[in-house]
There are 2 protein chains.
Amino acid sequence: MRWEELDQQPCSLSRTLAVVGDRWTLLVLRDCFLGVRRFDEFEKRLGVTRHVLADRLKKLVEYGVLVKVPYQQRPLREEYRLTERGLELHPAIMALVSWGDRHMADERGAPIRHVHKGCGQAMRPVMVCSECAEPVSARDILVQVGEGWEGQVGELLPAAR
Amino acid sequence: MRWEELDQQPCSLSRTLAVVGDRWTLLVLRDCFLGVRRFDEFEKRLGVTRHVLADRLKKLVEYGVLVKVPYQQRPLREEYRLTERGLELHPAIMALVSWGDRHMADERGAPIRHVHKGCGQAMRPVMVCSECAEPVSARDILVQVGEGWEGQVGELLPAAR
DNA sequence: GCTTATGGGTTCTTTTTTGGAACTTATTAG
DNA sequence: CTAATAAGTTCCAAAAAAGAACCCATAAGC
């Protein structure tokens, strides 16, 4: 499967990965959430080649995750800002960071602390059910084929065991 | 920056991406959560080349996300299972799937429905604060340098604006 | 006992993607 | 007139992925 086919797959994860499924894209977004907006600041902080950075930023703009906003005229200079759609990737990034904090940290601990403005505490993200607000883990979830997809695709799910 | 340097970066996202930061790895994990365990079933479902699949599975085993468990002797056959560490990637995958459901779905809607066994309802994941249990969005969080990291790395965070 | 199937790979060649460095363009500062 | 800045683009070499063929142990069919 090539990149171009990925956003047509019958799977929301594949489709999301068509947008953010390489390491540079997610690192660009991390920096966006930290307040970085300009091409050269991304370049300095990430250590990515300009070539690849330009490509990823363009793709993120095409998918509506970032917008280019002019911050000066003559010469025209534009910066990249998160859209609403981009902001909604925050839980995904937080979940990945949180996993890294738990499983990939060295003796210095987590490099970054997230303080919840609401309660003033250092927090980690917890996933709860949108319906009953209870915490959910992998074991608590039953997976079913979506309504619009019954019989559409052979083997959307593996045979039950 | 090359792949090999990624898991040493002063950033938990980089370190997590050293493990799962390419599209195939995350698609392999999606299938693990759906109950897939064997090499040839991954291959059939994903449309990945055997070469890349073998490489990704090996890496996931090295990082402790999957374990190889023999399911028959003579000839020896092994399957791949999620470890505790692997199960903890579930929130990250759910968050990515949920974003795809919202922003990348077509007129057929979400391909997969997640039913919370606890309450019996179709759910989407919501991120809440571990300390006060309130929902959190990007705007509700203040980012600070971690305790063990003060002064260690220049420019862990961009200059405040 | 010969052929084919199965599961889990490895090897080989071709194509695509990156990395790295130099070049471009518009404008201002010295 | 020269250099600097910001945001790219172009070019070539290196690395990674795609695609297909091959390998190995065992078992099942005939």
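Because only heavy atoms are used, hydrogens play no part in the values below, and waters and symmetry mates are left out as well, while side chains stay in. Computed from a prediction, not measured in an experiment: that's the story for all the values here.
The separation between A:Leu53 atom CG and D:dA7 atom P is 10 Å, rounded to whole Å. Distance A:Arg38 CZ to D:dA7 P: 6 Å, rounded to the nearest Å. The distance between atom CD of A:Gln73 and atom P of C:dA26, rounded to the nearest whole Å, is 15 Å. The interatomic distance linking B:Trp24 (CH2) with D:dG19 (C1') rounds to 13 Å, in whole Å. Taking atom CZ on A:Arg23 and atom C1' on D:dA15, their separation rounds to 11 Å, with Å as the unit. Note: CG (A:Asp22) to P (C:dT17) measures 11 Å, nearest angstrom. Here the C1' atom of nucleotide C:dT10 and the NZ atom of B:Lys58 are 11 Å apart, to the nearest Å. In this structure, A:Phe42 places its CZ atom 10 Å from P of D:dA7, rounding to the nearest Å.
No hydrogens or angles were tested; on distance alone, nothing pairs the side chain of A:Arg74 with the base of C:dA26 as donor and acceptor under 3.5 Å. For C:dG20, the base has no donor-acceptor partner in the side chain of A:Arg50 [N/O atoms by modelled type, under 3.5 angstrom].
At the phosphate of C:dT18, OP1 or OP2 sits under 4.0 Å from a side-chain N or O atom of A:Arg56. Between A:Arg37 and D:dA7 there is no side-chain polar atom (N or O) within less than 4.0 angstrom of OP1 or OP2. Residue B:Tyr71 has no polar side-chain atom (N or O) positioned under 4.0 Å from OP1 or OP2 of C:dT6. Residue B:Tyr80 places at least one side-chain N or O under 4.0 Å from the OP1 or OP2 atom of C:dG9.
Taking all atoms of both residues into account, the shortest heavy-atom contact from B:Leu46 to B:Trp24 is O-CZ3, 3.7 Å. Listed here is the closest heavy atom pair of A:Ala122 and B:Glu131: O-CG, 3.4 Å.
Considering only the side chain of B:Phe39, C:dG9 comes nearest among D:dG8, C:dG9, C:dG7. For A:Lys68, counting side-chain heavy atoms from C-beta on, the closest listed nucleotide (D:dA21, C:dT18, D:dG8) is D:dG8. Comparing D:dA7, C:dG7, C:dT18 by their nearest atom to the side chain of A:Val52 picks out C:dT18.
Along DNA chain C, the nucleotide nearest to A:His51 and the one nearest to A:Arg77 differ in position, and the one closer to the 5' end is contacted by A:His51. Where A:Ala54 and B:Pro75 each meet DNA chain D at their nearest nucleotide, the meeting point lying more 5' is that of A:Ala54.
Side-chain contact check for A:Asp101 and A:Ser98: no donor-acceptor pair (N or O, by modelled atom type) lies under 3.5 Å.
As judged by a 4.0 angstrom heavy-atom cut-off over every strand, A:Glu43 is placed among residues making no nucleic acid contact.
Taking the ring centre of B:Tyr71 as origin, the terminal cationic atom of B:Arg38 falls inside the region bounded by 6.0 Å and 45° from the ring axis.
Ring geometry for A:Phe42 versus A:Tyr80: interplanar angle over 60°, hence perpendicular rather than tilted (30 to 60°).
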